[in-house]
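Have a look at the structure below, then the notes.
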Amino acid sequence: MDHNGLSDPYVKLHLLPGASKANKLRTKTLRNTLNPTWNETLTYYGITDEDMIRKTLRISVCDEDKFRHNEFIGETRIPLKKLKPNQTKNFSICLEKQLPIDKTEDKSLEERGRILISLKYSSQKSGLLVGIIRCAHLAAMDANGYSDPYVKTYLKPDEDKKSKHKTAVKKKTLNPEFNEEFCYEIKHSDLAKKTLEVTVWDYDIGKSNDFIGGVVLGINAKGERLKHWFDCLKNKDKKIERWHTLTNELPGAALSD
C-alpha cells in the first residue's frame, strides 16, 4: 500500500451484526512488512450462546497511514457457529476485497457493550439480590476515547421512584469492575409482575450524564433476558450470573438521569 512497496499492517475485528466502536478490537501495527507475524490474542468478554449461533467475526487487515486515512487491504469472515467450545481451531483463509455489510441483516439495535449481572431471590432476606459485577467493551463517550461508567437499576413498575440503586463511578475505563449488590425487598410471588431495568451511564462533571446502554430483564423480555429472569424465579436462593448485551434503546425512554 505504501510507496516503498511495503505496508504497515494491523488487524481489526468486529462482531456482526451490530458492529460498533464498542466491539472493535485491534492488534498493534507492524512496520514495513508484507509478511507480518503478530502472535497476539484478542479477547471478547461476555460472549453468549446466542452470539455463538448468530454472530460472525469480521477480520480486516489494514495499512496504517500517518498522514492519510488508514487503507483497507482485505477482509474475511468466520461465523462463530463453526467453533466448538474450548477447542482451538486454525483457519488459513484468503483475504477478500471489502464485503458489503448487509443493512437488512442488521435489524438489531446498536450494541453498546456487555454487562455481567447476577440475580438471586433470597428467602432469608425476602428480596431480590441484584449483583452488578462488571461491564466489557463499553461504547466510549468521552473525547479521550473512554467513559467514566456507573450503573443504575430500577425494579418497575415503580410509582414513587424508590427502587433506584446506583453503583460507584469507575474512572476512564471501558471494562469496569463494580462487584456491587443491591437488595429489593419483595415477595417472591410479586416478582413475576416486575421488570428489572439496568442502565449504564457515563458520568460527566458539570453537564448531564450520557446514556451508554441498557438491558431489561423480566417476563416480557426475550431470549437470554427472559431466561435469566425465569431461572431466577424458578431457583430460589441460587445465584445465577449471565452476560447481557447493552443496546442503545430502552422501553420507557429512561434517558434522563
Side-chain angles (χ1 to χ4, degrees), residues 15-18 20 22-23 44-55 80-81 105-122 127-139 149-159 161-167 178 180-201 211-257:
L15 286 175
L16 307 177
S20 66
N23 72 36
Y44 278 109
Y45 292 96
I47 293 294
T48 61
D49 295 346
E50 221 170 284
D51 292 328
M52 293 306 294
I53 298 163
R54 223 167 51 89
K55 298 266 183 188
L80 297 187
K81 58 174 179 274
E105 69 158 13
D106 204 351
K107 290 200 177 63
S108 61
L109 295 163
E110 185 193 334
E111 287 192 17
R112 306 300 283 273
R114 299 286 164 109
I115 186 166
L116 181 58
I117 298 171
S118 71
L119 297 178
K120 172 176 144 179
Y121 187 82
S122 162
L128 175 68
L129 300 179
V130 177
I132 302 299
I133 300 165
R134 59 180 294 198
C135 297
H137 313 296
L138 290 178
Y150 67 94
V151 180
K152 273 193 321 185
T153 65
Y154 281 104
L155 197 60
K156 299 201 161 176
D158 171 31
E159 280 68 44
K161 290 273 194 305
K162 281 212 178 107
S163 78
K164 175 163 128 181
H165 284 293
K166 259 183 177 172
T167 66
F178 295 102
E180 293 190 41
E181 194 169 67
F182 307 125
C183 181
Y184 289 106
E185 280 181 34
I186 183 170
K187 291 208 292 277
H188 185 264
S189 54
D190 290 342
L191 260 189
K193 301 194 274 286
K194 296 282 190 181
T195 56
L196 180 70
E197 194 174 275
V198 179
T199 51
V200 184
W201 298 78
F211 174 67
I212 297 177
V215 62
V216 176
L217 308 180
I219 216 82
N220 297 318
K222 291 191 169 67
E224 313 229 352
R225 303 186 303 281
L226 171 63
K227 190 173 181 324
H228 195 181
W229 191 250
F230 191 66
D231 287 349
C232 164
L233 293 183
K234 211 169 54 186
N235 299 288
K236 269 191 192 172
D237 297 308
K238 185 175 170 199
K239 184 186 274 196
I240 298 168
E241 279 187 17
R242 292 262 161 82
W243 281 97
H244 294 283
T245 301
L246 297 165
T247 65
N248 56 341
E249 196 169 278
L250 260 189
L255 296 189
S256 61
D257 186 24

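Side chains are part of it too, since the values below use all heavy atoms of this structure and drop only hydrogens, waters and symmetry mates. Counting from 1, the numbers follow the sequence of the chain as shown.
- With sequence neighbours excluded, no residue satisfies side-chain hydrogen bond (donor to acceptor under 3.5 Å, both in side chains) with Thr167.
- With sequence neighbours left out, the side-chain hydrogen bond (donor to acceptor under 3.5 Å, both in side chains) criterion links Thr48 to Asp51.
- For Asp231, the salt bridge (charged side-chain N to carboxylate O under 4.0 Å, His left out) test picks out Lys227, Lys234, Arg242, with sequence neighbours left out.
- With sequence neighbours excluded, the residues forming a side-chain contact (heavy atoms from CB on, under 4.5 Å) with Lys236 are Tyr121, Ser123, His188, listed by chain and number.
- The two residues Gly127 and Cys183 make their nearest non-hydrogen contact at CA-SG, 4.4 Å.
- Nearest heavy-atom pair across Asp237 and Ser122 is OD1-CA, 3.4 Å.
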Check against side chain to side chain contact (heavy atoms under 4.5 Å, CB included), Asp49 and Glu224: CA-CA 9 Å; Asp49 295 346; Glu224 313 229 352; 4.1 Å; yes
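- For Thr195, the side-chain contact (heavy atoms from CB on, under 4.5 Å) partners two or more places apart in sequence, or in a different chain, are Lys156, Val216.
- Under the ring-ring contact (aromatic ring centres under 6.0 Å, His included) criterion, Tyr184 pairs with His165, not counting sequence neighbours.
- The two atoms that bring Arg225 and Ala221 nearest to each other are CB-CB, 3.8 Å, heavy atoms only.
- Annotation: salt bridge (charged side-chain N to carboxylate O under 4.0 Å, His left out) contacts of Glu181 (sequence neighbours excluded): Lys239.
- A search for salt bridge (charged side-chain N to carboxylate O under 4.0 Å, His left out) contacts involving Lys162 returns Asp160, not counting sequence neighbours.
- Of all heavy-atom pairs between Pro157 and Lys194, the closest is O-NZ, 2.8 Å.
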Stepwise side chain to side chain contact (heavy atoms under 4.5 Å, CB included) check, Arg114 with Tyr45: CA-CA 8 Å; Arg114 299 286 164 109; Tyr45 292 96; over 6 Å; no
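- When side chains are defined from C-beta on, Glu241 does not count as touching Ile117, because their heavy atoms never get closer than 4.5 Å.
- Arg112 is linked by a salt bridge (charged side-chain N to carboxylate O under 4.0 Å, His left out) to Glu110, counting only residues two or more places apart in sequence or in another chain.
- The distance from atom CG of Leu116 to atom NE2 of His244, rounded to the nearest 0.5 Å, is 8.5 Å.
- By the side-chain contact (heavy atoms from CB on, under 4.5 Å) test, Ile219 is found to be paired with Trp229, Leu233, residues two or more places apart in sequence or in another chain being considered.
- Take Tyr44 and apply the ring-ring contact (aromatic ring centres under 6.0 Å, His included) test, not counting sequence neighbours, and it matches His137.
- With hydrogens and angles ignored, the 3.5 Å screen pairs no side-chain donor or acceptor of Lys152 with any backbone N or O of Val198.
- Between the CD1 atom of Ile115 and the CD1 atom of Ile133 there is a distance of 9.0 Å, given to the nearest 0.5 Å.
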Test log, rule side chain to side chain contact (heavy atoms under 4.5 Å, CB included), inputs Cys232 and Leu217: CA-CA 11 Å; Cys232 164; Leu217 308 180; over 6 Å; no
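- Each of Leu196, Ile240, Val215 was compared with His228 under the side chain to side chain contact (heavy atoms under 4.5 Å, CB included) criterion, and only Ile240 meets it.
- Between the OG1 atom of Thr199 and the NZ atom of Lys164 there is a distance of 9.0 Å, given to the nearest 0.5 Å.
- Smallest separation of non-hydrogen atoms from Gly218 and Leu226: O-CD1, 3.4 Å.
- To the nearest 0.5 angstrom, Asn220 atom CG is 8.5 Å from Lys222 atom NZ.
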